[in-house]
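Counting convention: from 1, in listed order, for ligands and their atoms alike. If you read the sequence from its start, that first residue is 1, and numbering goes on from there.
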Amino acid sequence: MSTQASVFSAELSTYLDSINPPEHPLLAQLGHETAQHRKGHMTIATQQVQLLVWLARLIQARFYLEIGVFTGHSSTAMAMALPDNGHITACDINVTYTDIAQHYWRLAGVDHKISLHLQPALITLKQLLAEGHAGHYDLALIDADKPPTAHYFEYCLKLVRPGGIIAIDNVLLQGRITQEPTSTRETDSLYMMRQFNASLKQDERIQVLTLPLGDGLTLIQKK
Ligand SMILES: C[S@@+](CC[C@H](N)C(=O)[O-])C[C@H]1O[C@@H](n2cnc3c(N)ncnc32)[C@H](O)[C@@H]1O
């Protein structure tokens, strides 16, 4: 989520965009269309997508698991980057958002590489494990509802291969992570995300690095 770096100024973010390779025109078009959307702010930051694509190429990823598709920015970019025999398992619950994503998958000619699972991601993740997909994925992105983040992480850790990568978006909660909560609901979400963020450093199953990219992106490599 979030189209702009939360800790960089807008000016610096624009400068970074100017020195990085431009997005594919179709992804730029999708970005413009999503920006008009009532919930357009939920789209993943371009710099985050570019990093994920870069990592996918680095580790020669074939199998990508995405939790949180929205209008399809990250999934379309990843599908374009994966080899012809690559495949994406995409999880979301919203038909309206994912209809836009599916439209762009078709425009990009990558729809054959993507299976969309329209149900709560925890159900899909459980099914994937039951179907024997442990260790199957090279790369996973967690970018959906925040309360189950720790559960999504545990499932992804089982589903990615050793050496595979899990990326988690919005770990800085739009800068609120270090601030005092203003409501009970916010207290719960801040507490949960702080606990989760802090737990990763001691987790011996992984190597972790959190970057101030977009709304905070945590990169985890499974040992
Ligand atoms: C931040 S957006 C994802 C952004 C997306 N990765 C992109 O490329 O722009 C979050 C998405 O998570 C979905 N979502 C929310 N709760 C979910 C759940 N329990 N299971 C699966 N998807 C969920 C929402 O419908 C929404 O499309």
Side-chain angles (χ1 to χ4, degrees), residues 1-6 23-24 26-56 61 64-82 88-105 107-108 110-111 113-129 137 139-156 159 165-174 176 185 189 192-193 213-219:
M1 181 163 87
S2 92
T3 49
Q4 184 175 293
S6 57
E23 276 204 301
H24 188 284
L26 198 62
L27 296 175
Q29 185 187 320
L30 171 55
H32 290 309
E33 184 175 340
T34 303
Q36 317 301 319
H37 196 279
R38 192 172 56 86
K39 295 272 187 178
H41 64 278
M42 291 209 304
T43 195
I44 193 164
T46 297
Q47 290 158 5
Q48 292 179 316
V49 175
Q50 288 179 323
L51 175 62
L52 292 175
V53 164
W54 194 89
L55 286 171
Y64 169 62
L65 172 62
E66 181 163 288
I67 304 171
V69 173
F70 191 43
T71 58
H73 191 173
S74 44
S75 53
T76 308
M78 288 296 293
M80 289 163 90
L82 291 186
I88 295 179
T89 304
C91 309
D92 208 290
I93 47 172
N94 189 295
V95 178
T96 312
Y97 302 158
T98 54
D99 276 353
I100 300 172
Q102 291 191 79
H103 173 64
Y104 276 89
W105 298 343
L107 282 181
V110 295
D111 50 317
K113 290 188 195 175
I114 307 173
S115 312
L116 177 63
H117 297 252
L118 269 174
Q119 60 183 357
L122 283 174
I123 296 177
T124 302
L125 296 171
K126 205 178 239 181
Q127 284 172 350
L128 291 170
L129 272 182
Y137 294 92
L139 185 61
L141 171 65
I142 299 174
D143 189 15
D145 48 335
K146 304 308 154 196
T149 298
H151 299 293
Y152 291 153
F153 165 66
E154 288 299 331
Y155 275 110
C156 286
L159 288 163
I165 293 170
I166 302 166
I168 309 177
D169 193 14
N170 309 119
V171 298
L172 299 181
L173 299 177
Q174 288 153 342
R176 287 181 290 112
R185 192 163 164 242
S189 63
M192 180 283 296
M193 194 54 92
L213 203 58
D215 186 25
L217 186 73
T218 292
L219 295 177

L141, any N or O under 3.5 Å of ligand 1 N or O | no
V69, portion touching ligand 1 at heavy-atom distance under 4.0 Å | backbone
Polar-atom distance check: S75 versus ligand 1, any N or O pair below 3.5 Å?
-> no
For residues C91 and T124, report the shortest heavy-atom separation together with the two atoms involved.
-> SG-CG2, 3.8 Å
Per-atom contacts, ligand 1 versus Y97 - under 4.0 Å to a heavy atom | 25 (O), 27 (O)
Would you say A121 has any N or O atom under 3.5 Å from an N or O of ligand 1, going by distance alone?
-> yes
Closest to atom 24 (C) of ligand 1 (heavy atoms only, candidates N94, D92, T76) is D92
Is D145 in polar range of ligand 1, meaning some N or O pair under 3.5 Å apart?
-> yes
Just jot down the ligand 1 atoms closer than 4.0 angstrom to any heavy atom of A144, in number order.
-> 10 (C), 12 (O), 14 (N), 23 (C)
Kindly give the heavy-atom pair with the smallest separation between Q48 and G214, and that separation in Å.
-> NE2-CA, 3.8 Å
Please identify which atoms of ligand 1 are closer than 4.0 Å to at least one heavy atom of Y152.
-> 18 (C), 19 (N), 20 (N)
With a 4.0 Å heavy-atom cut-off (strictly under), which part of F70 contacts ligand 1: side chain, backbone, both or neither?
-> both
Can you sort out which atoms of ligand 1 are near T43, meaning under 4.0 Å from one of its heavy atoms?
-> 9 (O)
With only distance considered, is T71 within less than 3.5 Å of ligand 1 through an N or O on each side?
-> no
Can you find an N/O atom of I44 closer than 3.5 Å to an N/O atom of ligand 1?
-> yes
Any chance you could lay out the side-chain contact (heavy atoms from CB on, under 4.5 Å) test for I100 and F70, step after step, and finish with the verdict?
-> CA-CA 8 Å; I100 300 172; F70 191 43; over 6 Å; no
Do ligand 1 and N170 have nitrogen or oxygen atoms that lie under 3.5 Å from each other?
-> no
Min N/O separation G72 to ligand 1 under 3.5 Å = no
